[in-house]
Amino acid sequence: PTIMLAAYPEYDSRLDFPSDAQDYELGLKCAQGLRSLAVEYNVKTGGKAFIQSSTQASFDNIQKQMTTIKTLGGKAIAEVESLSPDQGVPRGCAVYVVSADATVLLQVGDRIADIDAEIKKISTKLQKSTVAIQKQRETMTREGFEKASDVVRATEEKKLADYEAAKGNYEKTLEEFNKLKLGDA
């Protein structure tokens, strides 16, 4: 017997778990956000991070995956805490928007050498988010969009929600960084 003569595997729908896959994808994206922020702000060790959920369902999902998220987040992150939708953002955090469901925050206030440069960088990201929202709204209001399939409409609405979440979080980051700037003055 040889593997070369084995029958090609057949699809088995019993092995599909779309909601579990979607939940796990959120955890993976949170870990990616942790790594991205650590690199962006040159955090090599001792990073303290938070994951802010926007809904109770995403909070519950993230809570179940905290060990995995921390492990996949990398060695630069020493501590990760999950924040419920009603908890506020800790002071001095940089933001990585995962989706409309979750945002990753990394405490970087004490690590920023040039707060003005960081404010300028976040302002640029805010402007790009604003443009993306405008373009997405234009796409969704074009003639014929109402005839698009439910899947296409849902996908486009999700994109808009993600862009709006990004904009809101960049505004929060700017607010936090401006507080840091005022605190330094």
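Computed over heavy atoms, backbone and side chain alike; hydrogens, waters and symmetry mates excluded.
Applying the salt bridge (Lys or Arg N to Asp or Glu O under 4.0 Å) test to pairs two or more places apart or on separate chains, those with a residue in residues 13-39 are Asp12-Arg14. Within the structure, salt bridge (Lys or Arg N to Asp or Glu O under 4.0 Å) contacts touching residues 142-157 (residues at least two apart or in different chains) are Asp150-Arg153, Glu156-Lys159. Pairs of residues two or more places apart, or lying in two chains, that qualify as salt bridge (Lys or Arg N to Asp or Glu O under 4.0 Å) and include a residue from residues 70-91 are Lys48-Glu79.
Taken from OG in Ser53 to CG in Leu83, the straight-line distance is 7.5 Å, to the nearest 0.5 Å. Within the model, atoms CD of Gln136 and CG of Asp162 stand 9.5 Å from one another, a figure rounded to the nearest 0.5 Å.
Residues passing the side-chain contact (heavy atoms from CB on, under 4.5 Å) test with Ala94 are Leu37, Tyr41, Val108, Phe177, sequence neighbours excluded. Among residues two or more places apart in sequence or in another chain, the side-chain contact (heavy atoms from CB on, under 4.5 Å) test is passed with Asp114 by Asp116, Ala117. Partners of Lys121 under the salt bridge (charged side-chain N to carboxylate O under 4.0 Å, His left out) rule, at least two apart in sequence or in another chain, are Glu40, Glu118.
Shortest non-hydrogen contact noted between Ser129 and Tyr170 is OG-CE1, 3.2 Å.
Atom NZ of Lys158 has more than 12 heavy atoms from other residues, nucleotides or ligands within 6.0 Å.
Residues Ser82 and Gln63 bring a donor and an acceptor atom of their side chains to less than 3.5 Å of each other. Under the 3.5 Å distance criterion, with hydrogens and angles disregarded, a donor-acceptor pair is assigned to the side chains of Ser58 and Thr55.
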